[in-house]
Undergrad: 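What follows is a single structure, and I will ask about it in a moment.
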Amino acid sequence: MSEMLSSQFYRQPTLELAKALLGCLLVKETPDGTASGYIVETEAYKGPDDQAAHSYKNRRTKRTEVMFHHPGVAYTYVMHTHCLVNVVSGALEKPEAILIRAIEPVEGIELMKERRKTTILKNLTSGPGKLTKALDIHMGDYGQKLIEKPIYILKGYTPAIISEGKRIGIDNSGEAKDYPWRYWITDNPFVSKHQKEENRIHLP
DNA sequence: CAAACGATCTCCT
DNA sequence: GGAGATCGTTTGC
C-alpha cells in the first residue's frame, strides 16, 4: 500500500498537477470490492479564461459549483450515458480542474470486467467514460475529497517520459482548442486516443 | 421546446 | 481505423 496524496499535493498549479498525477493510483472502494488503476492520461481545464472549461467566464451552476471549491475533491459530471471524473485544482474560487481520461488497471480487474461487460483488458479503462464504469465512479462521488475512502489517489510511480498535445473533442472552443493541455504517459497502451502531433517531455 | 454537445459501441471496410 | 447511431443534461431560442 503506497502513500496517500496529501492535500498539499493538490495545491500545485493546474498544469503541473495534471502532469504530476500521471502514474498515480486512482482507487475506488465499494461493497463489491476495490478497483484501482494508474492514471495514464489527463487534461487540464483552467478556470474562467479557458473556453473549453465548464467554468468558462466563471460560469457557476449546480454542475460547476464544486470547481470553485478547494482543490483535491472530485468533480463528476454526466455526459450523455457516461459519467466523467475530474480532480478539482486551483485555489478556492479559482474554478480549475483536471479530467482523468484513462487509467491502467491494477487491482480488481475481474470486478472491472464484470462492470464493463467485456474481458478485453484494453477496453476496461482506456477512456474517460470507461474508467468510471470500471471503478464504479458516479454522481454520488461529486465533491468527495480524494484523500479518504471510498475514493482516493495514492502515490504511484514516476513515468520516464510523458507527452503533451491538444485536448480531445473541443473543436468548438475557439483558440483554446489548440492549447497543449493534454498529458499522457508516452506509449502507454491504455491511453484513449493517439495523436500524431505530440511533444515528449521529461519530468524533472 | 429544440438543439448541441462528446464518448462509446457497433458495423463496415 | 473510421463513420454513424445512440444517449442524458445543459443551454439557447
Side-chain angles (χ1 to χ4, degrees), chain A residues 14 18 21-22 26 28 35 37-69 73-88 95-105 108-109 111-144 151 163-198:
Chain A
T14 294
L21 283 173
L22 294 174
L26 176 65
K28 174 73 191 275
Y38 292 121
I39 296 169
V40 299
E41 180 183 354
T42 60
E43 278 180 5
Y45 289 87
K46 281 187 51 145
D49 300 326
D50 178 2
Q51 199 171 338
H54 290 160
S55 54
Y56 180 53
K57 290 183 176 172
N58 272 322
R59 176 196 295 278
R60 189 165 189 159
T61 64
K62 192 175 180 184
R63 178 171 74 153
T64 63
E65 174 63 29
V66 78
M67 292 182 74
F68 292 80
H69 293 200
V73 300
Y75 168 41
T76 51
Y77 66 91
V78 174
M79 177 48 60
H80 308 327
T81 53
H82 316 288
C83 180
L84 277 58
V85 63
N86 299 250
V87 176
V88 171
E96 306 183 357
I98 296 157
L99 173 64
I100 299 180
R101 287 194 52 92
I103 66 175
E104 174 177 347
I109 291 178
L111 190 54
M112 295 188 204
K113 286 178 178 173
E114 289 173 29
R115 288 167 173 167
R116 292 276 298 124
K117 304 267 191 290
T118 179
T119 57
I120 302 170
L121 187 63
K122 254 192 96 169
N123 272 352
L124 290 181
T125 57
S126 55
K130 297 179 185 179
L131 72 92
T132 54
K133 194 97 178 284
L135 295 196
D136 192 29
I137 293 172
H138 44 77
M139 288 311 290
D141 296 307
Y142 183 88
Q144 279 286 318
I151 179 172
S163 298
E164 66 176 21
K166 297 178 184 180
R167 292 174 291 178
I168 303 283
I170 55 167
D171 291 344
N172 300 329
S173 298
E175 61 182 28
K177 73 181 176 66
D178 290 328
Y179 296 170
W181 288 351
R182 174 177 180 238
Y183 305 100
W184 65 96
I185 296 179
T186 305
D187 294 333
N188 186 285
F190 293 92
V191 170
S192 65
K193 284 188 178 180
H194 295 283
Q195 58 190 98
K196 290 179 179 173
E197 283 185 46
E198 68 175 70

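Just so we're on the same page: letters track the sequence lines, and every chain starts at 1.
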Undergrad: Answer with base, sugar-phosphate or nothing: what part of the nucleic acid does R101(A) contact at a heavy-atom distance below 4.0 Å?
TA: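 Result for R101(A) = sugar-phosphate.
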
Undergrad: Using a strict 4.0 Å threshold on nitrogen-to-oxygen distance, state whether E65(A) and R60(A) make a salt bridge.
TA: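 Yes.
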
Undergrad: Rounded to whole Å, please give me the gap between CE in M79(A) and C1' in dC7(C).
TA: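 Spelled out: CE on M79(A) to C1' on dC7(C) is 11 Å.
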
Undergrad: What is the distance from NZ of K193(A) to P of dA3(C), rounded to the nearest Å?
TA: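 Atom NZ in K193(A) sits about 11 Å away from atom P in dA3(C).
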
Undergrad: Between D50(A) and R167(A), is there a salt bridge with N-O shorter than 4.0 Å?
TA: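 Salt bridge between R167(A) and D50(A), a charged N being under 4.0 Å from a carboxylate O: yes.
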
Undergrad: Look at the side chain of R116(A) and decide which nucleotide, out of dG8(C), dC9(B), dA7(B), has an atom nearest to it.
TA: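 Nearest listed nucleotide: dC9(B).
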
Undergrad: By nearest atom, which of the nucleotides dT8(B), dT11(C), dT9(C) is closest to the P128(A) side chain?
TA: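 That would be dT8(B).
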
Undergrad: K28(A) and D141(A): which non-hydrogen atoms are nearest, and at how many Å?
TA: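 Closest pair (atom of K28(A), atom of D141(A), distance): NZ-OD2, 3.0 Å.
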
Undergrad: Less than 6.0 angstrom separating the ring centers of Y77(A) and H54(A), yes or no?
TA: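 Between H54(A) and Y77(A), which both carry aromatic rings, the centre distance is below 6.0 Å.
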
Undergrad: Rounded to the nearest Å, what distance is computed from the CG atom of residue N123(A) to the C1' atom of nucleotide dT10(B)?
TA: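 After rounding, the gap between these two atoms is 12 Å.
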
Undergrad: Can you check the H54(A) NE2 to dG6(B) P distance for me, whole Å?
TA: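 My rounded result for the distance is 8 Å.
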
Undergrad: Round to the nearest Å and state the distance from L84(A) atom CG to dT8(B) atom P.
TA: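 L84(A) atom CG is separated from dT8(B) atom P by 7 Å.
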
Undergrad: Once you round it to whole Å, what is the distance between C1' of dG6(B) and CD of E43(A)?
TA: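 Rounded to the whole Å, the gap is 11 Å.
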
Undergrad: Take the protein atom CZ of R63(A) and the nucleotide atom P of dC5(B), then report the distance between them rounded to whole Å.
TA: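 To the nearest whole Å, that distance equals 13 Å.
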
Undergrad: Counting only side-chain nitrogens and oxygens, does R59(A) get under 4.0 Å of the OP1 or OP2 atom of dT11(C)?
TA: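 Answer yes for this pair, as a side-chain N or O of R59(A) is under 4.0 Å from OP1 or OP2.
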
